[in-house]
Visitor: 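Please read through the structure below; I'll follow up with questions.
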Protein chains: 2
Amino acid sequence: MGKCEQCIIKQFNSLKALTSDELVRISKCKTSKTIKKGEILFEEGENINGVYCVKDGICKLSKLSENGKDQIVKMVVKGQLIGQRSLVTDESSNLQATALNDMEVCFIPKSEIIADLQKNANFSFEILKEMAHDLKEADDVIVNMAQKSVRQRLAETLVYIHDSFGTNPDGTLSVILSREDFANIVGTATESAIRVLSQFKKDGLISTTGKYIKIENLNGLKFVE
Amino acid sequence: MGKCEQCIIKQFNSLKALTSDELVRISKCKTSKTIKKGEILFEEGENINGVYCVKDGICKLSKLSENGKDQIVKMVVKGQLIGQRSLVTDESSNLQATALNDMEVCFIPKSEIIADLQKNANFSFEILKEMAHDLKEADDVIVNMAQKSVRQRLAETLVYIHDSFGTNPDGTLSVILSREDFANIVGTATESAIRVLSQFKKDGLISTTGKYIKIENLNGLKFVE
DNA sequence: ATTTTAATATGATATATGTCATGTTTTGCT
DNA sequence: AGCAAAACATGACATATATCATATTAAAAT
C-alpha cells in the first residue's frame, strides 16, 4: 500500500495542503480499495464518514428522483476528492457514487482528518475553495437545466466531457457513458438522448464506433441551437 | 450604526463563531446599507470582495441565461450571509443579487475578515458548514429541474416559501413575488407560471388577493402530480 | 383624477419532449 | 461459438410547455 506523503495524486486536491506529519499519520489509517466498473462506492442515505481520494478511474454522483430516474449531478475523476460534505455534517450522503470504469480509491476516515480541519487553516481553506467551486458549477447546471433545450444540454455535456476529461489517442472521448447515463446527466428520457445523439451524428458533429464517441466539430457543438 | 458584538442577527449565520474581539474589530470597518425593493445589491461579474449580512428583507440571487431570462438560483432572507464565495476566490460574482423588498444589510470587506478565516477555525468551520448545506440544496434543485414538471416545481416552490420564509398574520405568504419571478425560479415562461397558478386557484390549492398568495391546501400542493 | 405603463390573464397554435411499441445491434456469459 | 440479456435505434403518437396575440386588471406617473 502506497504512502500518502509520496503520492502524487494529492497535488490535484485539498490534501496537498496537509503537512508531511499529517500525511504520515493519515497514511497509517487510510484504506485502499478497488471498485469495478458499475459497482457502487456508496449509496444515497449511507453514512460515509470520511473522504475518498480517487487515485484512478471515474465515477458518477447521482440522486434518485421520485419518478424512479437516477439524476447524475456530478462526475468525479482521478485526483478529486469525494465526500467532503461528510466532514462537516453528520448527515448521511445525499448522493450515490457509482464507478463508471474500474477505480482505485483511498478512504480516509473522518475521525482521523477532522482534527486537521481545525488545526491546519490552509487545509480547511483548500476544502472551502473546492466547495465554493462546486457551488458555482452547481449554479451553472441549474441555469442550464432551467433554460436550455435537451439538444443544447447534451451538446454542452459532450463539450464538457471533452474539455474536462480529455480524449484517447484516437480522439474519442475517454469517458465512456451509456445513452442512459447521458439521459441521466441531461435530465431526459433515454430515447430522447439516443435520438439527439443520432441527429448529432447525421449533422456531422460527432461520430461513433460502438460506445466510443468522437467529437468531429467541437465549435459546432458549442453553438447548437 | 449598530455594533456587531451586540447584533442578534449574527446568531443565524457563521458570524456567531467570531470572538468578541474579532467582532469589535469588524464592527469598526463594516458599512450599513439600505436597499430599496427592486434595487440591485450587486451584479453578475462584479467584484464584491466581502460578505453581506442581511439584517432585514429578502433578496433573490439570479444568473442571466443566454436566452435572456434571469434564472433565480436561491433566495436569501434576514439572518443569512451573501457572498461567502468571494472570501475564497478572487473571481467576480457569478450571480446578481436583487432586493425583493426593502432591505437592510451590513457589508464586511474581505480584507478585514480573511484573516479570521485563517486564525479562527470555528469560524471557517461554520462557513464550511453553510457551503456544504448550500451545495446539498443545489443538488436537490438540479434533480427537481431535471425530473419534475413545471406544475410540480411551482407547487414545491410555494411550499418552500411557506415553510422557509413564513406567512403574514392573515396566512398569506410573507414573500411577495411577481409571476415573472415565479417563472424565473421554476425555469418556465411567465405565461406558463400564470396558467399553473390560475389552475392551483381553481383547484382550491391556493387563493390570491392581488399579489398576496395564501396556501389553502398545503398537503395538496405537496402531492401535486 | 386621468393617463400611461406594467402585470396578469387567457385563447390559439406550434414545438419539443415523453411514452409505448417493436426491431436491431452489441455485449457479456457459459 | 452460441445464446441470453442489455443497450441502442427508430416509428407513431400523446402531452407538456413555449410562443404569439390580445384582453383585462392593477399600479405608477403626471
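Letters A, B, ... mirror the listed sequences (proteins, then strands); counts begin at 1. What you see is a predicted model; the values in this text were computed from it and never measured. Keep in mind that the numbers below use all heavy atoms, side chains included, and drop hydrogens, waters and symmetry copies.
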Visitor: Which residues in residues 141-154 of chain B have a heavy atom closer than 4.0 Å to any atom of DNA chain C?
Guide: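 Correct list: empty, so none.
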Visitor: I need the CG-P distance between A/Leu197 and D/dA7, as an integer number of Å.
Guide: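 Roughly 16 Å, once rounded to whole Å.
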Visitor: With the threshold set at 4.0 Å, does a side-chain nitrogen-carboxylate oxygen contact exist between A/Lys63 and B/Asp139?
Guide: no
Visitor: Is it the case that more than 12 heavy atoms not belonging to B/Gln6 sit under 6.0 Å from its CD atom?
Guide: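 Yes - once you tally the heavy atoms of other residues, nucleotides and ligands closer than 6.0 Å, there are more than 12.
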Visitor: Does a sphere of radius 6.0 Å around OH in B/Tyr212 hold more than 12 heavy atoms from other residues, nucleotides or ligands, not counting ones at 6.0 Å or beyond?
Guide: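 12 or below, so no.
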Visitor: Distance under 4.0 Å to a non-hydrogen atom of chain A counts as contact; along DNA chain C, which nucleotides mark the start and end?
Guide: C/dT17 to C/dC20
Visitor: Enumerate the protein-to-nucleotides 19-21 of chain D contacts in which both atoms are nitrogen or oxygen and the separation is below 3.5 Å.
Guide:
from   : atom 1 : to       : atom 2 : distance (Å)
D/dT19 : O4     : B/Arg195 : NH2    : 2.9
D/dC20 : N4     : B/Glu191 : OE2    : 3.4

Visitor: Might you list the N or O atoms of the protein lying below 3.5 Å from N or O atoms in nucleotides 25-30 of chain D, with each pair's distance?
Guide:
none

Visitor: So which atom in B/Leu87 and which in B/Lys110 form the shortest heavy-atom distance, rounded to 0.1 Å?
Guide: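 Looks like O-CE, 3.7 Å.
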Visitor: Charged N to carboxylate O under 4.0 angstrom, B/Asp134 versus B/Arg85?
Guide: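 Salt bridge absent between B/Asp134 and B/Arg85.
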Visitor: Does atom CG of B/Asp90 have more than 12 heavy-atom neighbours, drawn from other residues, nucleotides or ligands, at distances under 6.0 Å?
Guide: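 For B/Asp90, atom CG is not crowded (no more than 12 foreign heavy atoms under 6.0 Å).
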Visitor: For A/Lys37, does the NZ atom have more than 12 heavy-atom neighbours from other residues, nucleotides or ligands under 6.0 Å away?
Guide: no
Visitor: Would you kindly give the CD-to-C1' distance between A/Gln199 and D/dG11, to the nearest whole Å?
Guide: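 So the CD-C1' distance, A/Gln199 to D/dG11, works out to 15 Å.
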Visitor: Tell me, which pairs form a side-chain hydrogen bond (donor to acceptor under 3.5 Å, both in side chains) where one or both residues lie in residues 40-53 of chain B, sequence neighbours left out?
Guide: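 Of all non-adjacent pairs touching residues 40-53 of chain B, none passes side-chain hydrogen bond (donor to acceptor under 3.5 Å, both in side chains).
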Visitor: Between the main-chain N or O of A/Ile8 and the side-chain N or O of A/Gln11, is there a donor-acceptor pair closer than 3.5 Å?
Guide: no
Visitor: Does this structure show an ion pair linking B/Arg153 with B/Glu156, if we count only N-O contacts that are shorter than 4.0 Å?
Guide: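 Salt bridge absent between B/Arg153 and B/Glu156.
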Visitor: If we check side chain to side chain contact (heavy atoms under 4.5 Å, CB included) with A/Thr188, which of these qualifies: A/Val186, A/Asn184, A/Thr190?
Guide: A/Val186
Visitor: Indicate yes or no: does A/Glu66 engage B/Lys148 in a salt bridge with an N to O separation below 4.0 Å.
Guide: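 B/Lys148 and A/Glu66: salt-bridged.
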Visitor: For B/Leu100 and B/Met75, which heavy atoms make the closest approach, and how far apart are they?
Guide: CD1-SD, 4.0 Å
Visitor: Return whichever of A/Ala193 or B/Ile194 has its heavy-atom-nearest nucleotide of DNA chain C closer to the 5' end.
Guide: B/Ile194
Visitor: Under 4.0 angstrom, heavy atoms only, what part of the nucleic acid is A/Thr188 near: base, sugar-phosphate, or nothing?
Guide: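 Sugar-phosphate, no base atom in range.
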Visitor: At 10 degrees resolution, what angle do the end axes of the helix from C/dA1-D/dT30 to C/dT30-D/dA1 form when each is taken over five base pairs?
Guide: 60°
